[in-house]
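Below is one structure, written out as structure tokens; the observations come after it.
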Amino acid sequence: MAFEYAPAPESRSVVDIAPSYGLFIDGEFRPAEDGKVFKTVSPSSEEVLSEVAQAGQSDVDAAVRAARKAFEKWSALPGSERAKYLFRIARIIQERSRELAVLESLDNGKPIRESRDADLPLVAAHFFYYAGWADKLGHAGFGADPKPLGVAGQVIPWNFPLLMLAWKIAPALACGNTVVLKPAETTPLSALFFADICRQAGLPKGVVNILTGDGSTGAALVAHPDVNKVAFTGSTEVGKAIARTVAGTGKKLTLELGGKAANIVFEDAPIDQAVEGIVNGIFFNQGHVCCAGSRLLVQESVQDELLEALKRRMSTLRVGDPLDKNTDIGAINSAEQLARIKSLADSGEAEGAQRWAPACELPSTGYWFAPTLFTGVSQAHRIAREEIFGPVLSVLTFRTPAEAVEKANNTPYGLSAGIWTEKGSRILWMADKLRAGVVWANTFNKFDPTSPFGGYKESGFGREGGRHGLEAYLNV
Ligand code: TAP
């Protein structure tokens, strides 16, 4: 069955993307010292959106120098003054949210409904939330007068470009640190628009610096001797490399890495509600979510009923133009990521799992992957062990709660998990046994700035969000 939809695209004209952007250092946009640039491409149309500067070592040095200089005055401001800037930034984000949502969907490929209704409101909420903490740090449980760390070097991925920026920058500034942030190579634009928002808010020069570039820029930032704190979100592989770089330097480190979350459905769960949660858990943001519910653990007795309902629901998902408000699944962020998803899905078939996807016509240009389900998956299969970071769900079964816990925990990761059951006592028992930083019950992918988020094991350490999120940016 081919999908038919009347395109009602959000107008591109609400966002004015310049043909080129510089690095944002010390309150000014400037080219990279060696003049290097790279192109950023829309994954839904393969159109070049802009050309941005590629920061090298001397640009990293300049940005860290600017942040160090700004730190003296910024950290000495009363918290109530820092709060004013953060509130101002939050309000400007709200005012410009339509423009930013369209920009994010163009550069990242995510559906406008998600960037408009999830990413942008959460970005603003993060700045409002941490603005509220800026003058109350002495009451956060870290001593009467906790001090900021200094210059924070922050490296973020492409799956939630502006939201990951907010998770990093809002608590850092609230605590009195200054920041050098590197967005991902495939999604640099919203961070550059954020730089413009910092100017609009009158934020003192050098408090926020944005360095676009590739992994080498991130590596140079992390290794810079005058960076006091490193915050990274991305793959476990790069996280391990960063941990090695930072080891023994005295830099404070938080790592937010991959996941392979179990979404566990018991036989007493309301099936329709669970199906919505499963769909949201794995197909939200094309599955480019570190806490995605990528392993469905279903109790054997309801397997047939659940899978039938799930397939019916998956058949209604619309894949296509991210700017169409009816789109459920947008574009895969890059050709590289698409190749990775394809190769892992192929390994699922090769290892003997059964592959199913609803019939759907994918656009001929851009990077797309149909929502896909694998049944007959064993714990040894790569699709049950490795993070796919795409719209691919691996289904496993269990008989008893103890077996569910054992299978859910049988992964090097430990970021999140979901439980679907009517029994409150079972939720509490499971939450205690599951080795996951976040456990959702009868819901999935719920985020809130007041709630700490972070992992166990190879999913990283440190918490972002909530009061706990302050600790990462304070000398406690
Ligand atoms: P990473 O390579 O980890 O990229 C994350 C960020 O780190 C990007 O800004 C990246 O720059 C930068 N980076 C790369 N190498 C670095 C280094 N040696 N030192 C410092 N910074 C470095 O992730 P990816 O390549 O975008 O995705 C690969 C896989 O990672 C995905 O398939 C997915 O499984 C996983 N992933 C997980 C998450 C979360 S939230 N857990 C997020 C993204 C990806 P460039 O963009 O220029 O490479």
Side-chain angles (χ1 to χ4, degrees), residues 36 38-41 43 52-57 60 107-108 110 153-161 163-165 167-168 180-191 210-224 227 230-246 251 253-261 284-292 294 332-345 367 369 382-383 385-392 412-416 437-438 445 447 453-455 457-462 464:
K36 280 196 183 149
F38 64 96
K39 292 177 171 53
T40 183
V41 170
V52 300
Q54 155 83 43
Q57 182 65 54
V60 173
D107 205 17
N108 166 282
K110 63 176 68 202
Q154 307 179 321
V155 180
I156 57 170
W158 41 262
N159 53 344
F160 294 94
L163 185 57
M164 289 302 104
L165 173 150
W167 281 28
K168 299 272 178 290
V180 181
L181 177 133
K182 191 202 90 70
E185 194 179 349
T186 58
T187 54
L189 294 179
S190 53
I210 306 287
L211 294 180
T212 46
D214 59 14
S216 69
T217 312
L221 176 58
V222 164
H224 197 289
V227 162
V230 171
F232 171 79
T233 297
S235 61
T236 294
E237 187 193 345
V238 173
K240 284 180 180 174
I242 289 177
R244 283 193 291 272
T245 303
V246 166
K251 290 175 191 173
L253 174 66
T254 39
L255 295 176
E256 201 79 74
L257 309 175
K260 192 73 190 173
F284 173 62
N285 204 35
Q286 295 74 247
H288 300 330
V289 183
C290 46
C291 54
S294 53
I332 300 303
N333 181 249
S334 64
E336 292 72 32
Q337 187 60 21
L338 180 60
R340 184 179 152 78
I341 297 169
K342 280 184 173 163
S343 115
L344 271 162
Y367 318 127
F369 199 86
R382 285 183 66 198
I383 55 169
R385 292 186 287 116
E386 296 181 31
E387 187 178 43
I388 301 175
F389 226 62
V392 181
Y413 296 112
L415 195 52
S416 65
V438 183
N445 273 343
F447 303 100
F453 183 90
K457 303 190 278 185
E458 291 197 11
S459 290
F461 49 79
E464 293 186 309

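Residue numbers run from 1 in the order of the sequence given. One-based numbering, in listed order, for ligands and for the atoms of each.
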Exercise. Would you say Gly258 touches ligand 1, if touching means a heavy atom closer than 4.0 Å?
Worked result: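 Right, Gly258 reaches ligand 1.
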Exercise. Contact between Phe160 and ligand 1, counting heavy atoms under 4.0 Å?
Worked result: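 Contact check Phe160 vs ligand 1: negative.
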Please work out, at 4.0 Å between heavy atoms, whether the side chain, the backbone, both, or neither of [X] comes within that distance of ligand 1.
X      : answer
Glu336 : neither
Ala241 : neither
Asp214 : both

Exercise. Protein heavy atom under 4.0 angstrom of atom 25 (O) of ligand 1, is there one?
Worked result: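 Given the 4.0 Å limit, the answer for atom 25 (O) of ligand 1 is no, no protein heavy atom qualifies.
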Problem set entry | Any protein heavy atom nearer than 4.0 Å to atom 4 (O) of ligand 1 |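 Under 4.0 Å from atom 4 (O) of ligand 1, zero protein heavy atoms found.
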For this session: Would you check whether Ile156 has a nitrogen or oxygen atom less than 3.5 angstrom from a nitrogen or oxygen atom of ligand 1?
Result: yes
For this session: May I ask you to check whether Arg340 has an N/O atom sitting below 3.5 Å from an N/O atom of ligand 1?
Result: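 Looking only at distances, the answer is yes, because the N/O contact criterion of under 3.5 Å is met.
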Exercise. Which is closest to atom 23 (O) of ligand 1 in terms of heavy atoms, Ser235, Ala292, Gly390?
Worked result: Ser235
For this session: Could you name the option among Thr236, Thr217, Val230, Leu257 that has the heavy atom nearest to atom 41 (N) of ligand 1?
Result: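 Shortest heavy-atom distance from atom 41 (N) of ligand 1: Leu257.
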For this session: Rounded to the nearest 0.5 Å, what's the gap from CG on Asn333 to NZ on Lys110? Could you check?
Result: 9.5 Å
For this session: Provide, to 0.1 Å, the distance between atom 31 (C) of ligand 1 and the closest protein heavy atom, together with that atom's residue and name.
Result: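 Among all protein heavy atoms, the one nearest atom 31 (C) of ligand 1 is Gln337 OE1, 3.8 Å.
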Out of all atoms in ligand 1, which are within 4.0 Å of some heavy atom of [X]? Include the element for each.
X      : answer
Gly218 : 19 (N), 20 (C), 21 (N)
Ile242 : 20 (C)
Val155 : 6 (C), 7 (O), 9 (O), 12 (C), 21 (N)
Glu387 : 33 (C), 34 (O), 35 (C), 37 (C)
Ala219 : 19 (N), 20 (C), 21 (N)

Problem set entry | Donor-acceptor contact below 3.5 Å, side chain Thr187 vs main chain Asp107 |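 Not confirmed, Thr187 side chain does not pair with Asp107 backbone.
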So [Y] and [X], do their side chains get closer than 4.5 Å, heavy atoms only?
X      : Y      : value
Val52  : Leu189 : yes
Val227 : Val222 : no
Glu464 : Thr233 : yes

Exercise. Do the two ring centres, one from Phe453 and one from Trp167, sit under 6.0 Å apart?
Worked result: yes
